[in-house]
There are 2 protein chains.
Amino acid sequence: MLSNKAKYALKALSYLGSKYKEGPVQIAEIAEEKNIPLKFLENILLELRKNEVLDSKKGKGGGYYFAQDPKNVSIAKIIRIIDGPISMLPCVSLYFYKQCDDCDEVSCNLNRVFSEVRDATLKVLEKRSIKDIM
Amino acid sequence: MLSNKAKYALKALSYLGSKYKEGPVQIAEIAEEKNIPLKFLENILLELRKNEVLDSKKGKGGGYYFAQDPKNVSIAKIIRIIDGPISMLPCVSLYFYKQCDDCDEVSCNLNRVFSEVRDATLKVLEKRSIKDIM
DNA sequence: TTAGTAGTCTACTAATTTGGTAGGATAAAA
DNA sequence: TTTTATCCTACCAAATTAGTAGACTACTAA
């Protein structure tokens, strides 16, 4: 399951995407429009900015805006930033690989099936972008 | 990510599957062979029995064994029993459907993409069985 | 130059979930 | 009737999740 945080992130980005190239949008506006706790959303947007998905401007007339075209930002990327790995096992993760401590890749027969799952999942999540949820 | 519990369940079933039709196997044997904490494994196997994946026999010569051919037990089924929903959103889950409390299905545009993800994931997990991880 | 506005940042907290453990009860066999 | 092995309930510690608080910094406009 997606965390609430990731769901909020996607909703906020969907809103920001719909205002792409219309200048900065304030956190408060997004929070109200999308029903997201304001302070929680602050943290989320900050994280997205640090990962260069968004950019921001301070002071009057400031706010957040897309640092790149929303159609080029995949859903997979956002989930990885907010929730971490998409795979169901650490040992088949592409971006968060970690050897399972209780079994090795050779003898453990779970990785074959879960690599297949990962590929199927990523085929959708890498292809779909913020534009698809606007 | 799969929980440890689900990973243990799959490993235990993989072992039991390899002994299908060879009579009951004791928890202790599975635990040792697959490096799973004994008491934790007890709970897991009990849950699988209650869901009619396994059957058991008490007393001497007792143990656990498959209640049906392992090739007919999908990985999806086991994950649902142990971890619950496979979908990334409650509102697109087939077996654990729950309306999102912060958005409705009509206006929320996340469900389209995440239904697609669910379908892709299930295509693998429903097709693959315990036999595939033996 | 000084309000006021809006994001930045660190730290904290409560609730929930995860990953187990403990120990007695029950049932089957010898 | 003792031994063997599962059954079952309850408990616990650690980690994660979901959010809050509050002070700080940067920018804008009067």
Side-chain angles (χ1 to χ4, degrees), chain A residues 1-12 16 23-32 34-67 79 81-85 88 90 96 98 100-102, chain B residues 1-12 16 23-32 34-67 79 81-85 88 90 96 98 100-102:
Chain A
M1 285 268 152
L2 232 47
S3 68
N4 259 350
K5 199 173 175 185
K7 212 157 71 179
Y8 289 154
L10 291 173
K11 286 186 168 199
L16 279 172
V25 181
Q26 289 169 37
I27 302 177
E29 180 182 335
I30 307 171
E32 178 153 10
K34 289 291 182 178
N35 265 288
I36 304 172
L38 179 72
K39 292 297 280 180
F40 197 21
L41 183 57
E42 268 188 25
N43 296 333
I44 294 168
L45 296 179
L46 204 52
E47 214 165 329
L48 291 171
R49 198 204 57 136
K50 281 179 182 163
N51 282 276
E52 288 160 345
V53 170
L54 298 178
D55 213 337
S56 63
K57 228 186 131 192
K58 286 183 178 179
K60 184 159 193 186
Y64 278 95
Y65 50 95
F66 262 93
I79 296 180
I81 290 172
I82 303 295
D83 278 354
M88 301 188 85
F96 300 85
K98 206 176 147 298
C100 293
D101 28 70
D102 50 345
Chain B
M1 286 268 153
L2 277 191
S3 68
N4 259 350
K5 199 174 174 185
K7 214 156 70 179
Y8 289 155
L10 291 173
K11 286 187 167 200
L16 278 172
V25 181
Q26 290 170 36
I27 302 177
E29 180 183 334
I30 307 170
E32 178 153 10
K34 289 292 181 177
N35 266 289
I36 305 171
L38 180 74
K39 293 297 280 179
F40 198 21
L41 182 56
E42 267 188 26
N43 297 332
I44 294 168
L45 296 179
L46 205 52
E47 215 165 329
L48 291 171
R49 198 204 57 136
K50 281 179 181 160
N51 282 276
E52 288 161 346
V53 170
L54 298 178
D55 213 336
S56 64
K57 229 185 129 193
K58 286 183 176 179
K60 185 159 192 185
Y64 278 94
Y65 51 93
F66 263 92
I79 296 181
I81 291 172
I82 302 295
D83 278 353
M88 301 189 85
F96 298 85
K98 206 176 148 298
C100 292
D101 28 70
D102 50 344

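Residue numbers start from 1 in every chain, and the chains themselves are labelled A, B, ... in the order their sequence lines are given, proteins ahead of strands.
Contact of the Ile27(A) side chain with the Tyr64(A) side chain is registered, since non-hydrogen atoms from C-beta on lie closer than 4.5 Å. For the pair Met88(A)/Ile79(B), a side-chain contact is recorded, criterion being any heavy-atom separation below 4.5 Å from C-beta on.
Taking the side chain of Gln26(B) as heavy atoms from C-beta on, and the options dA18(D), dG22(D), dT6(D), the nearest nucleotide is dT6(D). If you check dT10(C), dG19(C), dT8(C) against the side chain of Arg49(A), the one that comes closest is dT8(C). Closest approach to the Asn43(B) side chain among dG23(C), dT20(D), dT21(C) is made by dT21(C) (side chain taken as heavy atoms from C-beta onward).
Along DNA chain D, the nucleotide closest to Ser3(A) and the one closest to Lys58(A) are compared, and the more 5′ of them pairs with Ser3(A). Projected onto DNA chain D by closest heavy-atom contact, Asp83(A) and Ser56(B) fall at different nucleotides, the more 5' of which corresponds to Ser56(B). Where Lys39(A) and Gly59(A) each meet DNA chain C at their nearest nucleotide, the meeting point lying more 5' is that of Gly59(A).
Nearest heavy atoms, Pro24(B) versus Gly63(B): CB-N, 3.5 Å. In terms of heavy-atom proximity, Ala6(B) sits nearest to Asp83(B) at CB-OD2, 3.4 Å.
Nucleic acid contact class of Ile27(B) (heavy atoms, under 4.0 Å, all strands): sugar-phosphate only.
The distance from atom NZ of Lys50(B) to atom P of dT6(D) is 15 Å, rounded to the nearest whole Å. As a whole-Å value, the separation of Lys57(A) NZ from dT28(D) P is 5 Å. One atom, CD of Glu42(A), and another, C1' of dG19(D), lie 12 Å apart when rounded to the nearest Å. Between the CD1 atom of Ile79(A) and the C1' atom of dT17(D) there is a distance of 17 Å, rounded to whole Å. In this entry the distance linking CG of Asn4(A) with C1' of dT17(C) reads 14 Å, nearest Å. The CG atom of Leu2(B) sits 17 Å away from the C1' atom of dT16(D) (whole-angstrom rounding). Nucleotide dA25(C) holds its C1' atom 13 Å from the CG atom of Leu46(B), rounded to whole Å. Computed from coordinates, the Leu41(A) CG to dT8(C) P distance equals 12 Å when rounded to whole Å.
Listed pair Tyr8(A) / dG19(D) meets the phosphate criterion, a side-chain N or O lying under 4.0 Å from OP1 or OP2.
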Only distances under 3.5 Å count here; give the side-chain donor-acceptor pairs of residues 46-58 of chain B to other protein atoms, sequence neighbours excluded, each with its distance to 0.1 Å.
{"unit_1": "Glu47(B)", "atom_1": "OE1", "unit_2": "Lys5(B)", "atom_2": "NZ", "d": "3.2"}
{"unit_1": "Asn51(B)", "atom_1": "ND2", "unit_2": "Glu47(B)", "atom_2": "O", "d": "2.9"}

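Pairing for dA18(D) goes to dT13(C), judged as Watson-Crick or G-U wobble with the two contacts each under 3.5 Å.
The base of dG7(C) has none of its N or O atoms less than 3.5 Å from a complementary donor or acceptor on the side chain of Lys60(A).
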